[in-house]
Amino acid sequence: MPIDTLITIEGIECYAHHGCMEAEGAIGARYHVDVYVWADVHRAVQTDNLEDTVDYVMVYNVVKAQMAIRSKLIEHVCGRIVDGLKDEMTALSKLRVRVTKYNPPVNGEVEKTSVELTYEP
């Protein structure tokens, strides 16, 4: 029996060099990535095997690898994370990724900005 389950990997902290301004590329900033995966994990419920569910280490590694590639826009890096994750998962029914940038340079007090993309095959 299929079991559609939400698995969350929240609070992946990264220091990266994204942004349109040259200084952002040189200095970098703090980022936070949240990943939400809806997948059929009925086999994992029965087998207790990692191969039958979402591997958190794989998710973390995809996020870290994509965050290390400089982009002007967090929309772009978020899209690369979605693409990288969907290529690694077979039982995926929905995927949501949120990339948050802390203290964006907007000539004012802004704590953070976020982009969230949803993929549904």
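Reckoned from all heavy atoms, side chains included, excluding hydrogens, waters and symmetry mates.
Linking ILVMFWY residues whenever their side-chain heavy atoms come closer than 4.5 Å, directly or via other members, places Tyr60 and Met89 in the same cluster. Two different hydrophobic clusters hold Tyr36 and Val41 under the rule that ILVMFWY side chains link at heavy-atom gaps under 4.5 Å.
Judged by distance alone, the side chain of Thr47 and the main-chain N or O of Asn49 form a donor-acceptor pair under 3.5 Å. Using a distance-only test at 3.5 Å, with no hydrogens or angles considered, no donor-acceptor pair links the side chain of Asp34 to the main chain of Arg98.
Counting heavy atoms from C-beta on, the side chains of Met67 and His18 come closer than 4.5 Å. A 4.5 Å side-chain heavy-atom check between Leu92 and Tyr119 finds at least one atom pair inside the cut-off. Taking 4.5 Å as the limit, some side-chain heavy atom of Val97 sits within range of a side-chain heavy atom of Leu85. Between Glu88 and Val62 the shortest side-chain heavy-atom distance falls below 4.5 Å. Residues Val63 and Val35 form a side-chain contact, since some pair of their non-hydrogen atoms from C-beta on lies under 4.5 Å apart.
In this structure, the side-chain contact (heavy atoms from CB on, under 4.5 Å) partners of Leu117, at least two apart in sequence or on a different chain, are Cys78, Val82, Val115.
Glu24 pairs in a salt bridge (charged side-chain N to carboxylate O under 4.0 Å, His left out) with only one of the listed residues (Lys101, Arg70, Lys72), which is Lys101.
Taking the six-membered ring where tryptophan is involved, the planes of His17 and Tyr15 are perpendicular, since the angle between them exceeds 60° and thus also 30°.
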